[in-house]
Amino acid sequence: MTRDPVAQLLLFGATGDLARRMLLPSLFNLHADGLLPEAFVITGAARQDIDDAGYATMAREALGEFLPDDRKDDAKIDSFVARLRYQACDLSDPKSFPSLAEKVGDVSGGLAIYLSTAPSLFESAIEGLQSVNLTGDTVRVGLEKPLGYDLPSSQEINDTVARAFPETRIFRIDHYLGKETVQNILALRFGNSFFEPVWNARGIDNVQITIAETVGLEDRAGYYEGAGALRDMVTNHILQLLALIAMEPPARFDKDDVRDEKAKVFRSLRPIAPEESQAQTVTGQYFGGAVGGKIVRGYDEELGYDSDVETFVAIKAHVDNWRWQGVPFYLRTGKRMAKRQSEIAIQFKPVPHSMFAGRGGLLQPNTLVIRLQPDETIELLVMAKEPGLDRDGVRLREVPLKLSLDSEFSGQRRRIAYERLLLDLIEGDQTLFVRRDEVEAQWRWTDAIRAGWAANGTKPKHYPAGTWGPSAAIALTERDGVTWQDD
Ligand code: NAP
């Protein structure tokens, strides 16, 4: 694919948490590695009334706080900060835009806009940008999640953005797609011949996708109360992971082929009807407990009032196509879980007959574990014979064939997911960004789940902080004879 770099970046939300913690360090890393175009300029924008020098100081502080020590190179930080400018701007005020356009100047060399602000500001942002001709052919736009809170609100955002930008210039961000291990799912599946023959309902018994956090509400009460675990994690990250596992092989690694195949998976997700909701979904909310040996408060206590928002959800999903007929996809995510762990476990079918049974040898079905957090590893659990003379029977044990990205590629720095996504936005590669039809199919599926909860009056079951969620989540898989992969 031909790369088409723009000459400048306009970063809205430039003073926010995401910008300071992730975006500025990522842009710095690209700069330090010589990956930004020669005269590339970054204009930060937010309401705060500071000037270029004030923003430079803020950026230095953010880099000081969030860059690892071995990346802090004074000369490189100086040359990075020299690329920065700042314009105070209220996105909800149309009068802010002329001075912003003046600051940005000529965009004939290309402009990438990154909207790292609340989506409630997208509409006025797009209208304001249009009013000062900052939406023309040379301009592309990156949108942070959440893209709405249900299908209608997502369509409204998409319609608003589409009035100013064609789909080919819209980059919807799901930062999971920027993670190296997530892209490795594609390498593993489509760069090796041996998985494909068993990568289907004949070879795979079930798939489990877990995103478990140990943190609680942090400072996100306003957002989280309007979202809950389903909308915060499942509608986007978990469904994107599911699509990469379930999709058919794309003909080419490009924006159309990869996204076409993912979209087909989303359209094949079996809707969960209200009458199936109780059997196929579990919601939970943490109460006080201990995480990592530390006593923590319950969700309601953190909030200061009683809430019915779910901080945990587990779902038994199905992809209705030939490849996946009858294979359950167990999805689960929660806050204040026992461990911080994001992983995909693919459990293969057992061997059809065990010749070791008569000699006491016990077999486990093979499992492929793709771990995204806390470390990035891929493990294939296979059966091996324990060394010994076997006079008292054959002893078999599950051992991992392990690919650790950290040790296998130890000479290479592990990049922040946003580095990859920012570079692709700057250079115009949409492959790892989410297309409109994907987002809308994701909402359609999770909206139906929420409608089921509403119809049944479902309230989250309480679980102690520091555990794997309500016991009903364990029952969800145990009923099928399946155990969550929890180590
Ligand atoms: P944040 O800390 O609240 O920052 C919001 C930014 O927007 C600030 O720079 C704020 O600066 C600016 N802003 C607010 N109102 C504005 C207005 N009317 N006009 C212009 N600028 C305005 O939020 P954040 O955590 O950085 O998140 C930004 C976006 O990314 C949100 O949509 C969030 O959901 C998403 N996101 C965040 C994370 C994360 O880890 N933080 C992860 C995934 C997605 P002023 O107050 O000075 O205007």
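Residue numbers count from 1 along this sequence. Atoms considered below: every heavy atom in the structure, side chains included; atoms not considered: hydrogens, waters and symmetry mates. Atoms within each ligand, like the ligands themselves, are counted from 1 in listed order.
Aromatic ring orientation, Tyr418 versus His175: parallel (interplanar angle below 30°, classes split at 30° and 60°).
Contact between His175 and ligand 1 is absent, with no heavy atom of the residue lying under 4.0 Å from the ligand.
A donor and an acceptor atom, one from each side chain of Thr181 and Asn184, are nowhere located under 3.5 Å apart. When only modelled atom types and interatomic distance are considered, Glu102 and Gln87 share no side-chain donor-acceptor pair under 3.5 Å. Counted by atom type alone, Asp106 and Ser108 present one or more donor-acceptor pairs between their side chains at under 3.5 Å. Gln485 and Tyr330 share no donor-acceptor pair across their side chains, judged by distance under 3.5 Å alone.
Contact annotation: for Met22 versus ligand 1, there are no heavy atoms closer than 4.0 Å. Of all the heavy atoms of Glu144, the ones lying under 4.0 Å from any atom of ligand 1 belong exclusively to the side chain. Heavy atoms from both the backbone and the side chain of Ser116 come within less than 4.0 Å of ligand 1. Within the 4.0 Å heavy-atom criterion, the part of Cys89 lying near ligand 1 is the backbone and not the side chain.
Using a cutoff of 4.0 Å between basic side-chain nitrogens and carboxylate oxygens, Glu419 and Arg413 are scored as salt-bridged. Under a 4.0 Å N-O distance rule, the pair Asp74/Arg60 does not qualify as a salt bridge.
In the vicinity of Arg21, heavy-atom distances shorter than 4.0 Å reach the ligand 1 atoms 39 (C), 40 (O), 41 (N). Close contacts between ligand 1 and Ala14 involve ligand atoms 9 (O) [criterion: under 4.0 Å to a heavy atom]. Residue Thr15 has at least one heavy-atom neighbour below 4.0 Å for each of these atoms of ligand 1: 8 (C), 9 (O), 10 (C), 11 (O), 47 (O).
Counting protein heavy atoms under 4.0 angstrom from atom 19 (N) of ligand 1 gives one or more.
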